[in-house]
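Report on one structure; see the data block that follows.
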Amino acid sequence: MNDRQREFLISLDANKTRHSGRTLFDHLKGVHDLLRDWDNGTDVCLAGLFHSIYGTNTFKHQSLSDRGELINMIGVKAELLVHIFATGDRPLFESVEDKDTRLKLQEIEAANLLEQGGNYNTLRKLSRMKLSNGAKAALSGEVV
């Protein structure tokens, strides 16, 4: 995360919005850092940093609605992942036809759930997906 992205999240009050028992900012940074540590590409890491900024089916808080503003911040590829994450059929994104996109979204979901102490059943399902080696290793520590 660079200074511009940090300031953007702060301008959206992510540092004041509650999420998973702490701030949304801390959660988003944690997801980003897991994805980075798992050697994901920049678009996946940036999508993880902003994954719930539009809100999701479980996190109803919408910090931003202007897709163009986020595209300017993180690029088209990362923003598309954020948008699908917000509107898609989580947690497995089975309706996403493009296999590469679906795998990226599943990777973000794995980081999202692990970062917040996640849902055992969903983590078990995700552990069977073709995730990165880093995600697989992290999931094997969480899922027996």
Side-chain angles (χ1 to χ4, degrees), residues 1-123 125-127 129-139 141-143:
M1 169 178 16
N2 64 35
D3 290 341
R4 184 172 169 246
Q5 293 155 354
R6 179 185 319 275
E7 291 303 316
F8 184 65
L9 285 169
I10 290 170
S11 78
L12 298 173
D13 289 334
N15 60 327
K16 297 176 184 173
T17 303
R18 302 302 299 162
H19 186 290
S20 308
R22 56 202 188 293
T23 67
L24 176 60
F25 180 90
D26 290 338
H27 171 62
L28 295 172
K29 182 183 180 315
V31 170
H32 169 273
D33 292 353
L34 281 173
L35 293 166
R36 180 202 61 215
D37 292 349
W38 296 345
D39 294 325
N40 281 279
T42 302
D43 60 330
V44 174
C45 294
L46 288 175
L49 182 60
F50 290 92
H51 74 276
S52 58
I53 209 73
Y54 296 140
T56 69
N57 59 347
T58 56
F59 181 64
K60 302 296 184 190
H61 180 83
Q62 183 180 26
S63 300
L64 181 68
S65 61
D66 183 352
R67 291 185 66 189
E69 193 172 357
L70 191 57
I71 287 169
N72 288 333
M73 178 62 55
I74 64 174
V76 173
K77 290 179 183 178
E79 189 281 335
L80 181 59
L81 292 171
V82 172
H83 179 73
I84 297 170
F85 194 92
T87 60
D89 59 336
R90 292 178 55 213
L92 302 179
F93 300 96
E94 293 170 307
S95 67
V96 175
E97 292 183 25
D98 181 72
K99 184 178 178 180
D100 184 55
T101 300
R102 185 173 55 250
L103 292 173
K104 288 176 180 180
L105 291 162
Q106 290 169 344
E107 187 91 359
I108 295 166
E109 183 70 279
N112 172 50
L113 291 175
L114 280 172
E115 199 284 327
Q116 39 183 330
N119 175 306
Y120 172 79
N121 290 329
T122 302
L123 289 171
K125 289 176 188 174
L126 285 166
S127 71
M129 303 299 160
K130 292 185 177 188
L131 301 176
S132 69
N133 290 335
K136 287 277 194 189
L139 287 171
E142 286 288 324
V143 179

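Computed from a predicted structure; not experimentally measured. Index from 1, following the sequence.
- Partners of His83 under the ring-ring contact (aromatic ring centres under 6.0 Å, His included) rule, at least two apart in sequence or in another chain, do not exist in this structure.
- Residue Leu126 comes nearest to Pro91 through the heavy atom pair CD2-O, 4.1 Å, listed as atom of the first residue, atom of the second, then distance.
- Using cut-offs of 30° and 60° on the angle between ring planes, the pair His51 and Phe85 is perpendicular.
- No donor-acceptor distance shorter than 3.5 angstrom exists from the side chain of Glu107 to the backbone of Leu131, with no hydrogens or angles considered.
- Between the NZ atom of Lys99 and the CD atom of Gln106 there is a distance of 10.5 Å, given to the nearest 0.5 Å.
- Listed for the Arg90 side chain is no donor-acceptor partner under 3.5 Å among the backbone atoms of Phe93.
- Distance check: Arg18 CZ to Asp26 CG gives 8.5 Å after rounding to the nearest 0.5 Å.
- Applying the side-chain hydrogen bond (donor to acceptor under 3.5 Å, both in side chains) criterion to Glu69, with sequence neighbours excluded, gives no partner residue.
- Closest non-hydrogen pair, Glu94 versus Asp89, comes out as N-OD2, 3.4 Å.
- Taken to the nearest 0.5 Å, the CG atom of Leu70 stands 5.5 Å off from the CD atom of Glu79.
- Contact record, Gln116 with Arg22: CA-NH2, 4.4 Å, taken as the closest heavy-atom pair.
- Summarising the geometry, atom CG belonging to Leu49 is positioned 10.5 Å from atom NE2 belonging to His27; distances are rounded to the nearest 0.5 Å.
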| request: Given side chain to side chain contact (heavy atoms under 4.5 Å, CB included), test Thr17 with Leu12 step by step and report yes or no. | output: CA-CA 9 Å; Thr17 303; Leu12 298 173; over 6 Å; no
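- With rounding to the nearest 0.5 Å, the separation of CD1 in Ile74 from OG1 in Thr42 is 11.5 Å.
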| request: Might you work through the side chain to side chain contact (heavy atoms under 4.5 Å, CB included) test for Leu28 and His32, ending with a clear yes or no? | output: CA-CA 6 Å; Leu28 295 172; His32 169 273; over 6 Å; no
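- Looking at Asp33 and Arg36, a side-chain N of the basic residue comes within less than 4.0 Å of a carboxylate O on the acidic one, giving a salt bridge.
- With a 6.0 Å radius and a threshold of 12 heavy atoms from other residues, nucleotides or ligands, Asn2 has its CG atom above the threshold.
- Leu9 has its side chain out of reach of Lys29: every pair of non-hydrogen atoms, C-beta onward, lies at least 4.5 Å apart.
- Applying the side-chain hydrogen bond (donor to acceptor under 3.5 Å, both in side chains) test to every pair with at least one member in residues 5-15, sequence neighbours left out, gives no pairs at all.
- Minimum interatomic distance between Leu105 and Val96 (heavy atoms only, all atoms of both residues): CD1-CG2, 4.0 Å.
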| task | Show your reasoning for whether side chain to side chain contact (heavy atoms under 4.5 Å, CB included) applies to Thr23 and Lys16. | result | CA-CA 6 Å; Thr23 67; Lys16 297 176 184 173; over 6 Å; no
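- In terms of heavy-atom proximity, Ala138 sits nearest to Trp38 at CB-CZ2, 3.6 Å.
- Taking CG of Leu35 as the start and OG of Ser132 as the end, the distance is 8.0 Å to the nearest 0.5 Å.
- Nearest approach of Leu123 to Ala110, heavy atoms of both residues: CD2-O, 4.3 Å.
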| query | Going through the distances and angles, do Leu46 and Lys77 end up as a side chain to side chain contact (heavy atoms under 4.5 Å, CB included)? | reply | CA-CA 10 Å; Leu46 288 175; Lys77 290 179 183 178; over 6 Å; no
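- Heavy atoms of other residues, nucleotides or ligands lying less than 6.0 angstrom from NZ of Lys136 number more than 12.
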